[in-house]
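Below, chain A is the first sequence line, B the second, and so on; all start at residue 1.
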There are 2 protein chains.
Amino acid sequence: MSSTSSCLVTKLSHYVSLSEADCVRLATLEKAERTFDAGHEVYQGGDENKDLYVVKHGWAFSYTDLPDGRRQIVKIHHPGDIIGFPDVALKHATTTLRTVEDVCLCPFPKSSLDEILRESPKLSALLLSIALRDQVVLIDVLRAMGRMSAQERVSYMLLDLISRLRITNPGITDTIRLPMTQSQIADYLGLTNVYISKTFIRMEEDGYIHRDQNRLQILREDAMIELTDFHDRYADMDTSWFPQD
Amino acid sequence: MSSTSSCLVTKLSHYVSLSEADCVRLATLEKAERTFDAGHEVYQGGDENKDLYVVKHGWAFSYTDLPDGRRQIVKIHHPGDIIGFPDVALKHATTTLRTVEDVCLCPFPKSSLDEILRESPKLSALLLSIALRDQVVLIDVLRAMGRMSAQERVSYMLLDLISRLRITNPGITDTIRLPMTQSQIADYLGLTNVYISKTFIRMEEDGYIHRDQNRLQILREDAMIELTDFHDRYADMDTSWFPQD
DNA sequence: ACCATGCTTTCAACTGGATTGAATTCCGCC
DNA sequence: GGCGGAATTCAATCCAGTTGAAAGCATGGT
C-alpha cells in the first residue's frame with residue numbers, strides 16, 4: 001500500500017516487476033518532501049550536486065544558458081522522474097532546474113543511489129538501463145534538432161510527451177495538459193516563441209491538433225508518427241537480461 | 001603488459017586506477033578482432049543488437065536517417081570507445097555504424113557486460129558513470145545544435161574532439177588529424193557541406209585554425225572555449241563515490 | 001470593476017544558412 | 001603522367017525562421 005503510492009515505484013514497475021523489498025527501498029527515497037512555487041529555480045548549473053530529486057507532482061525542466069542569454073531546455077520532468085541523474089557522473093551540476101508550475105519534489109542524497117547499487121542487482125540493472133535509454137532519447141531529440149523542420153519538431157515533442165505520460169497513466173488517450181509556455185517550448189526545440197505560435201496555429205488549421213486552454217488534443221497521431229518517424233523508446237526496453245533476485 | 005596494450009584499459013584508466021584483475025577483464029573484451037574497410041557499414045539501425053564493439057584503431061560514426069534521406073550523425077567513435085552502449089537498453093539497434101577509414105573493431109557480446117556487472121563493483125560504477133557522463137555530453141551537443149551559430153558549432157566540435165583525443169594521448173597539443181569529410185561534419189552539426197566549407201574558410205581567415213591536408217591545427221583554443229562556453233566533461237568526472245575493491 | 005502582469009498572437013522587415021549547379025582541386029590508381 | 005571519382009570551392013538565388021515591436025487576451029490581486 002505504501003509502495004503503490006510512490007510515483008517512482010509506479011514508473012519503474014512499468015519496466016520490470018519489483019520485489020517488495022525493492023519497492024520499499026524506492027519508496028524510501030520519496031520520504032522527504034519539498035514544495036516549490038511555479039517558476040522557482042531549485043538549483044543552478046555549477047552548484048555542487050549532492051542531491052537527486054524524485055518528482056511527486058507538477059512539471060519542471062532542466063536548462064542551460066549560453067553566456068549571452070540564449071537558452072536551451074534539455075529535459076522536461078514529469079511525476080516519477082529522477083532529476084539530476086546525469087550529473088551524478090560529474091562534480092558540479094551542469095543544468096539549472098526550474099519549476100513550470102507548483103511542484104512537489106523528494107530530494108535524496110547521491111549516497112542512497114550507492115546503497116541501491118550495492119544491495120539490489122536488479123535495481124542497478126534498471127538504473128543503468130534507464131541511463132542508457134535516456135541516451136537514446138537524447139539522440140532522438142538531437143535528430144529532431146539537427147534535421148527536422150519546425151512542424152516536425154513540435155510533432156516529435158508532443159509524441160514524446162504523450163508516450164511518457166502514458167507510462168504512469170495508461171488511461172491517457174489523445175489529450176494532454178501542456179502547462180509550458182510557448183517560449184519554453186521554443187527553448188526546448190531550438191526555435192523562437194513567435195514561430196512556435198505560428199506552427200501551432202498551422203497545425204491546428206491542418207487538423208493535427210486541437211487546443212483548448214492549456215489542454216492539447218492530438219487528432220492525427222498516426223500521421224504525426226509517420227511525419228517524424230517516431231519510435232516509442234519507453235515501450236521498447238529490453239529487460240530480458242536483468243539479474244533475478 | 002598485455003593489459004597496457006588495450007585501448008579500452010588505457011582510456012578507462014584515465015578515470016580511475018584499475019586492479020590487475022579488472023584490467024585483464026577489460027583486455028579480454030578486445031580478444032577478438034575484425035577489420036573493416038573505409039566507408040563500410042558494420043550494422044544497421046533496426047538490427048537485433050547482440051554485440052558491442054571496442055574501437056582498436058581508426059574512426060567510425062553512428063548515424064540515423066529520416067525516411068526521406070536527411071541524415072544525423074549522432075556520435076563519432078575513436079580508439080578506446082565502446083560502440084553500441086546506449087542500445088543495450090533496447091531490443092534493436094537505433095543507429096547505423098559506419099567506418100570513416102580503415103578500422104579495427106573488437107566485438108564482444110552484451111553478456112560480457114553482464115559478467116562485469118556481477119563481478120566488479122568498481123567497473124560497474126565506472127560503466128554507469130560513463131553512461132551518465134555521455135548523457136551530459138549529448139546535452140552539450142544538444143545545446144550547440146539548438147542555440148549556436150555555424151561557427152560556434154564547428155568550434156564546439158573541434159574542442160570536443162581534441163579533448164577526447166587527449167584522454168588517450170596526452171601528447172596531443174593543438175593539432176589533430178580530421179579524417180571526416182565536410183559532408184559528414186555537416187551531418188554531425190546539422191548544417192550543409194557547403195556551409196561547413198564556408199565556415200572553415202572563414203575560421204582560417206580569422207586565425208582560429210590552420211588546415212593542412214587532413215590535419216587541423218587549433219590556433220586560438222582559448223578564444224574558441226570562450227566563444228562556445230566549453231566545458232571539458234572528460235576531465236571533470238567525479239569518481240570519489242566509487243566502491244573500492 | 002480595475003489595473004498589473006505575463007502570455008499569445010500578429011505584423012513586417014530582415015538574415016543566416018540552405019539550395020543548386022557548375023567549376024575546381026585533390027588523390028588514388030593504372 | 002594522365003584518368004576518374006570524390007571532395008571542395010564558388011556564385012547566385014531562395015526561404016524558413018528571426019527580430020522587435022505592438023496589439024490582443026487571460027488571470028489574478030486589491
Side-chain angles (χ1 to χ4, degrees), chain A residues 37-40 59 61 66 68-73 98-102 144-155 157 177-206 209-216 227, chain B residues 37-40 59 66 68-73 98-102 144-157 177-206 209-216 227:
Chain A
D37 291 343
H40 186 265
W59 287 29
F61 60 83
L66 290 177
D68 68 358
R70 283 174 287 179
R71 165 167 310 190
Q72 179 65 45
I73 292 178
R98 169 181 276 254
T99 60
V100 170
E101 51 191 341
D102 290 358
M145 304 272 290
R147 290 302 184 207
M148 286 187 188
S149 71
Q151 180 165 340
E152 290 164 339
R153 292 189 213 187
V154 170
S155 300
M157 177 188 177
R177 194 173 62 90
L178 187 53
M180 297 171 72
T181 70
Q182 294 188 354
S183 295
Q184 289 164 349
I185 295 171
D187 285 341
Y188 181 61
L189 295 177
L191 299 164
T192 56
N193 61 346
V194 174
Y195 210 66
I196 292 293
S197 169
K198 202 181 288 189
T199 303
F200 268 132
I201 291 169
R202 168 63 99 78
M203 287 180 72
E204 196 156 24
E205 285 171 359
D206 292 352
I209 58 171
H210 175 69
R211 287 178 298 163
D212 181 32
Q213 312 271 91
N214 66 358
R215 301 199 66 81
L216 190 144
L227 184 69
Chain B
D37 291 343
H40 187 265
W59 287 29
L66 289 177
D68 67 357
R70 282 174 286 180
R71 166 167 310 192
Q72 179 65 45
I73 293 177
R98 170 182 277 255
T99 60
V100 170
E101 50 191 343
D102 290 358
M145 304 274 290
R147 290 302 184 207
M148 285 186 188
S149 71
Q151 181 166 339
E152 289 164 340
R153 291 188 213 188
V154 170
S155 300
Y156 170 76
M157 177 189 177
R177 195 173 61 89
L178 187 54
M180 298 172 70
T181 70
Q182 294 187 355
S183 294
Q184 289 165 349
I185 295 171
D187 285 342
Y188 180 61
L189 295 177
L191 299 164
T192 56
N193 60 348
V194 176
Y195 209 68
I196 292 293
S197 170
K198 201 183 287 189
T199 303
F200 268 134
I201 291 169
R202 168 65 98 80
M203 287 180 71
E204 196 157 23
E205 284 171 359
D206 292 353
I209 57 171
H210 175 70
R211 288 179 296 163
D212 182 32
Q213 311 270 91
N214 65 358
R215 301 199 66 81
L216 190 144
L227 185 69

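Between the P atom of D:dC25 and the CD atom of A:Gln182 lies a distance of 15 Å, rounded to the nearest Å. We find that OH of A:Tyr195 is positioned 15 Å from C1' of C:dT10, with the value rounded to whole Å. When rounded to the nearest whole Å, the span between NZ of A:Lys198 and C1' of C:dT10 equals 9 Å. Here D:dA6 presents its P atom at 19 Å from CG of B:Asn214, a figure rounded to the nearest Å. Note: CZ (A:Arg202) to P (C:dT9) measures 15 Å, nearest angstrom. For the pair A:Ile196 CD1 and C:dC7 P, the computed distance is 15 Å after rounding to whole Å. Summarising the geometry, the separation between CD on A:Glu204 and P on C:dT10 is reported as 11 Å, rounded to the nearest angstrom. Whole-Å rounding puts the B:Ile185 CD1 to D:dA6 P distance at 19 Å.
Contact check for B:Leu178 versus B:Asn214: no side-chain heavy atoms found under the 4.5 Å cut-off. The closest side-chain heavy-atom distance from B:Met148 to A:Gln72 is not below 4.5 Å. Using a 4.5 Å heavy-atom threshold, the side chains of A:Val154 and A:Tyr188 count as separate.
Enclosure of atom CZ in A:Arg211 by more than 12 non-hydrogen atoms of other residues, nucleotides or ligands within 6.0 angstrom is indicated. Atom CZ of B:Arg177 has more than 12 heavy atoms from other residues, nucleotides or ligands within 6.0 Å.
Proximity of B:Arg211 to the phosphate of D:dT9: a side-chain N or O atom is located under 4.0 Å from OP1 or OP2. Here B:Thr192 reaches the OP1 or OP2 of C:dA18: one of its side-chain N or O atoms lies under 4.0 Å away. At the phosphate of D:dT8, neither OP1 nor OP2 sits under 4.0 Å from any side-chain N or O atom of B:Ser197.
Listed nucleotides C:dC11, C:dT20, C:dT8 differ in distance to B:Val194; the shortest reach to its side chain belongs to C:dT20. Distance from the side chain of B:Leu191 is smallest to C:dA18 among D:dT19, C:dA18, D:dC10. Among the nucleotides C:dC7, C:dT9, D:dA11, the one closest to the side chain of A:Thr181 is C:dC7.
For the contact set between residues 145-154 of chain A and DNA chain C, defined by any heavy atom under 4.0 Å, there are no members.
As judged by a 4.0 angstrom heavy-atom cut-off over every strand, B:Gly190 is placed among residues touching the sugar-phosphate backbone only.
The one candidate from B:Gln151, B:Arg147, B:Glu152 that meets the side chain to side chain donor-acceptor pair (under 3.5 Å) condition with B:Ser149 is B:Glu152.
The pair A:Asp187-A:Arg70 fails the salt-bridge criterion, with no side-chain N (NZ, NE, NH1 or NH2) lying under 4.0 Å from an Asp/Glu carboxylate O.
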